Amino acid sequence: MDPISHILMHHELWSPQNPPHGNNSHEPSSISTELSLISSTFQSTCNHVGITRTHYSSGSKRNNRKNIKKICSNNKESQYWGCSTSLELYDNPWKIKKVLTTSDLGKLNRLLFGAELLENLMLPVLGVAAQRDAESGMGTPIRVWDVDTMSMHMLILKRWASFKNYVLIGKWNHEFVRRRELKKGDEIGLQWDSYRHCFNFSVLKRTNE
């Protein structure tokens, strides 16, 4: 018998249609052909963030990978900001928000913010010298663009040593409280504008709305 005929005969004898005989042979039905892209370790992680285990057909592998990556990414972002983003259809740009209190509108002429909020979202976009002046209590000027009235204003950002928080002072009372007729309970927002290199300002919600 020539070598090629021998190879073909050997292949035919060991094909799935002609399984080998003997004590060590296995029925085809005992062989699992199920494909899974998720290991047991990854499965426990997915269960923690609310992802149900799924077996994938070859046609849906790529789409399911994208869905898992998107869910995990959303979960990570939710933990960073301390809030749930699972039902949001867009990323809210007004990260710095404040519901105004009586002291924000009084004669002290300052808008008070918590230190952690501004250290995470406002100071990083300022230059090194501006950060140093703000943190030292000397104060640094910042430009504020009122997107509602399309007007530019100037305020001073500084750390309030007595409470270790930050305040916006300068013409806060005159150019914002009085001009915009702000009231207790109104919600205002600030966001960094990388195009104008200033902070955008808006009245997000009026107390009587």
Side-chain angles (χ1 to χ4, degrees), residues 49 71-209:
V49 296
I71 293 173
C72 293
S73 176
N74 287 342
N75 183 69
K76 183 177 180 181
E77 182 180 353
S78 300
Q79 293 177 353
Y80 179 79
W81 288 107
C83 61
S84 174
T85 59
S86 59
L87 298 179
E88 289 189 8
L89 299 179
Y90 66 96
D91 183 27
N92 190 340
W94 301 101
K95 302 295 185 182
I96 305 174
K97 295 188 288 188
K98 176 74 183 291
V99 176
L100 299 177
T101 64
T102 301
S103 61
D104 293 323
L105 308 171
K107 295 180 180 180
L108 293 177
N109 190 29
R110 91 288 182 272
L111 176 62
L112 178 66
F113 283 102
E116 184 176 357
L117 180 65
L118 294 199
E119 287 173 353
N120 289 332
L121 300 176
M122 182 174 281
L123 291 183
V125 301
L126 302 178
V128 175
Q131 290 186 41
R132 182 177 62 249
D133 291 343
E135 293 174 338
S136 67
M138 180 184 300
T140 185
I142 63 169
R143 298 194 307 154
V144 181
W145 172 257
D146 190 330
V147 299
D148 302 327
T149 61
M150 300 185 66
S151 56
M152 186 68 77
H153 307 270
M154 189 73 69
L155 292 174
I156 304 297
L157 172 66
K158 64 178 295 184
R159 179 189 286 273
W160 196 4
S162 302
F163 298 94
K164 297 183 179 180
N165 290 331
Y166 286 85
V167 292
L168 287 175
I169 58 175
K171 296 183 178 180
W172 162 251
N173 204 334
H174 177 72
E175 296 193 8
F176 288 90
V177 176
R178 297 179 184 176
R179 184 181 63 88
R180 295 302 311 275
E181 298 182 346
L182 299 178
K183 307 294 182 184
K184 178 182 177 181
D186 290 348
E187 183 179 36
I188 58 96
L190 292 166
Q191 64 172 206
W192 174 247
D193 187 331
S194 58
Y195 178 76
R196 290 191 176 92
H197 295 284
C198 66
F199 286 94
N200 291 335
F201 170 92
S202 178
V203 180
L204 304 180
K205 185 177 180 181
R206 294 286 185 176
T207 187
N208 56 356
E209 293 180 352

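Worth knowing before you read on, the calculation uses all heavy atoms, side chains too, and leaves out hydrogens, waters and symmetry mates. Because the structure is a prediction, the values reported are computed rather than measured.
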query: So, for M154 and P141, which heavy atoms are closest and what is the spacing to 0.1 Å?
result: SD-CB, 4.0 Å
query: Could you give the distance from CG (L111) to CG (L182), rounded to the nearest 0.5 Å?
result: 9.5 Å
task: Could you pull out the closest heavy-atom pair between W192 and C198, with the gap in Å?
output: CE3-O, 3.3 Å
- request: Determine, stepwise, if the pair N165 / F113 fulfils side-chain contact (heavy atoms from CB on, under 4.5 Å).
  value: CA-CA 6 Å; N165 290 331; F113 283 102; over 6 Å; no
statement: In short, L126 meets M122 closest at the heavy-atom pair CG-O, 3.7 Å
statement: Residues N109 and G170: closest non-hydrogen pair is ND2-O, 2.7 Å
Donor-acceptor pair, side chain of K98 and main chain of I188, under 3.5 angstrom: no
query: Quick one: CZ on R159 to CG on L118, what's the gap to the nearest 0.5 Å?
result: 10.0 Å
NZ or CZ of R178 within 45° of F176 ring axis and under 6.0 Å: no
SB check E181 R206 (cutoff 4.0 Å): no
message: Under the criterion side-chain contact (heavy atoms from CB on, under 4.5 Å), I'd like the reasoning laid out for V125 against F199: C-alpha separation, chi angles, the key distance, then a yes or no.
response: CA-CA 10 Å; V125 301; F199 286 94; 3.6 Å; yes
statement: When K171, R143, R179 are each screened for side chain to side chain donor-acceptor pair (under 3.5 Å) with H153, the one that passes is R179
field: Atom pair CG/CG of D193 and N200 - distance to nearest 0.5 Å
entry: 4.5 Å
query: Can you name the closest pair of heavy atoms from G139 and K158 and give their distance?
result: CA-CB, 3.6 Å
- request: Decide yes or no on side-chain contact (heavy atoms from CB on, under 4.5 Å) for R110 and S103, but give the supporting numbers first.
  value: CA-CA 8 Å; R110 91 288 182 272; S103 61; 3.8 Å; yes
message: Can you confirm whether more than 12 heavy atoms, excluding those of M150, are under 6.0 Å from its CE atom?
response: no
- prompt: Roughly how far, to the nearest 0.5 Å, is CD1 of I96 from CG of L168?
  reply: 9.0 Å
field: Side-chain H-bond candidate by donor/acceptor type, D104 with T101, under 3.5 Å
entry: yes
Salt-bridge criterion met for R180 and D186 (N-O under 4.0 Å): no
- prompt: How far does CD of E187 sit from OG1 of T207, to the nearest 0.5 angstrom?
  reply: 11.0 Å
task: Working to the nearest 0.5 Å, report the span between OG1 of T140 and CD1 of I156.
output: 7.0 Å
message: Among V144, I169, V167, L123, which residue satisfies the side chain to side chain contact (heavy atoms under 4.5 Å, CB included) criterion with L157?
response: L123
field: Smallest separation among heavy atoms of V99 and G185, with atom names
entry: CG1-O, 3.6 Å
